[in-house]
Amino acid sequence: MKRIAVLTSGGDSPGMNAAIRAVVRTGISEGMEVIGIRRGYQGLVEGNFILMDTGSVSGIINQGGTILHSARSLEFKTPEGFARAVDNLHQAGIDGLVVIGGNGSQRGNYELHRQADFPVVGVASTIDNDLYGSDYTIGFDTAVNTALESIDRLRDTATSHDRIFIIEVMGRSRGFVALHVGIAGGAEAVLIPELPWTLEEVVDVIQRGYRRGKKSYLIVVAEGAAHGIQLAEQVEAATGYETRATVLGHVQRGGSPSAADRVLASQLGAYAVRFLKSGERGVLVGEQNECIVTTPLEEVWSKDKPLDPEMIELVKVLGA
Ligand code: ATP
């Protein structure tokens, strides 16, 4: 393998730059040329390629976002766009591709493997942590810590004003971010898409607390479980207590990556190159039980990553 390429796709996540750096520097140290593809699969369709050298990834390990930029490409999903993307890879003499991204990105990666039989590996990177095949994904730890910082601040106000705060966090259709943030932030309740909940249950948690003399509440809601603003209105109407909503939104996507994300990204990026070189293809590189492992891409997009039931129990016990 003489020339490999790397792209970042889908939602940006803190640590993507550290992963790019690891791919570039490992590739070069293994005697390969490394091509950077700008703007994800859209750049692959358009042939938006640049040669990366060691210096091109200097000083980026601490930066959020992605120096290669990301995109959501509808064109890549069309037969014509896909064919152009594959053609561009061959024309540029690229022998292997590393795709750093989340679920949708690894689905696209799987199509390159299945339809074009192109040597690809994926690197698990999304703040949502919803990728089957990796206990943690690049960006999750930073996103949780970013949300936590806001929650700690909101707790000050909730306590000072005897208020209920509903905090909506990201996570798409999954509750990993909400669950971790809820436990770390000491939330009274966490609502996630994986577990059915009712307004009556939320109101009940609040009423029981008030009877014990509790006057402020933090309730963390995953974006896939409820709309924070709507829920706050419903809770206020049902309880008569002052309730405010904060939707954290995209602030959770940016920022300097945590040490954990930088280390994970460096490991996964480096291993992705080594796996490609050793002939492994069509797999996601992830981390399980502190070991770097590979999982077939087909499983990655077709299977749901389970939530740890003990974490769900923990929220209930500790938030009571
Ligand atoms: P995140 O979870 O962090 O938001 P993601 O990787 O899941 O990231 P998506 O927008 O779902 O983000 O997917 C990124 C890109 O992957 C899409 O814009 C598209 O170009 C490509 N992609 C997704 N699904 C497919 C598919 N079925 N076939 C080909 N390409 C796909």
Side-chain angles (χ1 to χ4, degrees), residues 5-17 19-20 37-48 64-66 68-86 88-89 97-118 120-134 136-144 146-147 169-178 193 222-224 249-255 257 261 264-265 268 272 282 284-286 295 297-305:
V6 56
L7 64 81
T8 49
S9 167
D12 64 317
S13 61
M16 274 182 161
N17 279 328
I20 296 169
I37 299 171
R38 288 204 190 96
R39 303 190 60 241
Y41 290 120
Q42 192 56 32
L44 193 51
V45 173
E46 293 167 0
N48 194 348
T66 157
L68 287 176
H69 295 242
S70 189
R72 302 197 198 264
S73 171
L74 288 177
E75 215 177 336
F76 179 68
K77 288 171 112 170
T78 65
E80 302 74 30
F82 185 84
R84 211 165 332 134
V86 175
N88 284 336
L89 284 167
L97 174 68
V98 178
V99 170
I100 303 167
N103 245 315
S105 303
Q106 302 309 339
R107 174 70 207 263
N109 205 12
Y110 170 71
E111 294 305 327
L112 283 171
H113 168 67
R114 185 180 69 89
Q115 294 184 46
D117 194 24
F118 198 82
V120 298
V121 295
V123 167
S125 180
T126 164
I127 64 156
D128 306 326
N129 201 32
D130 59 350
L131 260 187
Y132 184 86
S134 196
Y136 293 103
T137 56
I138 298 166
F140 175 67
D141 183 67
T142 308
V144 166
T146 303
V169 299
M170 280 186 152
R172 292 185 104 169
S173 61
R174 301 302 308 271
F176 294 100
V177 175
E223 64 178 332
H250 281 79
V251 294
Q252 294 158 96
R253 285 256 289 268
D261 276 331
L264 180 66
L268 299 189
L284 177 85
V285 183
T295 306
L297 285 171
E298 188 170 8
E299 285 182 40
V300 169
W301 66 260
S302 62
K303 289 188 176 173
D304 276 341
K305 178 170 166 179

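Ligands are counted one by one from 1 in listed order, and the atoms in each one are counted from 1 as well.
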Checklist entry - For Glu223, what residues pass the side chain to side chain contact (heavy atoms under 4.5 Å, CB included) criterion, not counting sequence neighbours? => result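 Expected list: Glu168, Met170, Arg172.
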
Checklist entry - side chain to side chain contact (heavy atoms under 4.5 Å, CB included) with Asp12: which residues, sequence neighbours excluded? => result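 Per chain and number, Asp12 pairs via side chain to side chain contact (heavy atoms under 4.5 Å, CB included) with Met16, Thr66, Arg253.
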
Item to check | Flag, side chain of Thr8 to backbone of Leu68, donor-acceptor distance under 3.5 Å | outcome: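 Here the side-chain-to-backbone pair does not exist.
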
Next on the checklist: Between the side chains of Arg84 and Glu80, is the shortest nitrogen-to-carboxylate-oxygen separation below 4.0 Å, so that they form an ion pair?
Outcome noted: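 No, this pair does not count.
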
Next on the checklist: Could you report the tightest heavy-atom contact between Asp130 and Asn103, atom names first, then the distance?
Outcome noted: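 What the structure gives for the nearest pair is O-ND2, 3.1 Å.
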
Checklist entry - Who pairs with Arg38 by salt bridge (charged side-chain N to carboxylate O under 4.0 Å, His left out), at least two apart in sequence or on another chain? => result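 Once residues adjacent in sequence are excluded, Arg38 has no partner under the salt bridge (charged side-chain N to carboxylate O under 4.0 Å, His left out) criterion.
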
Item to check | Under 4.0 Å from ligand 1 - residues by heavy atom, chain and number | outcome: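 Heavy-atom contacts below 4.0 Å: Ser9, Gly10, Gly11, Tyr41, Arg72, Ser73, Phe76, Lys77, Gly102, Asn103, Gly104, Ser105, Arg107, Gly108, Glu111, Thr126, Asp128, Arg172.
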
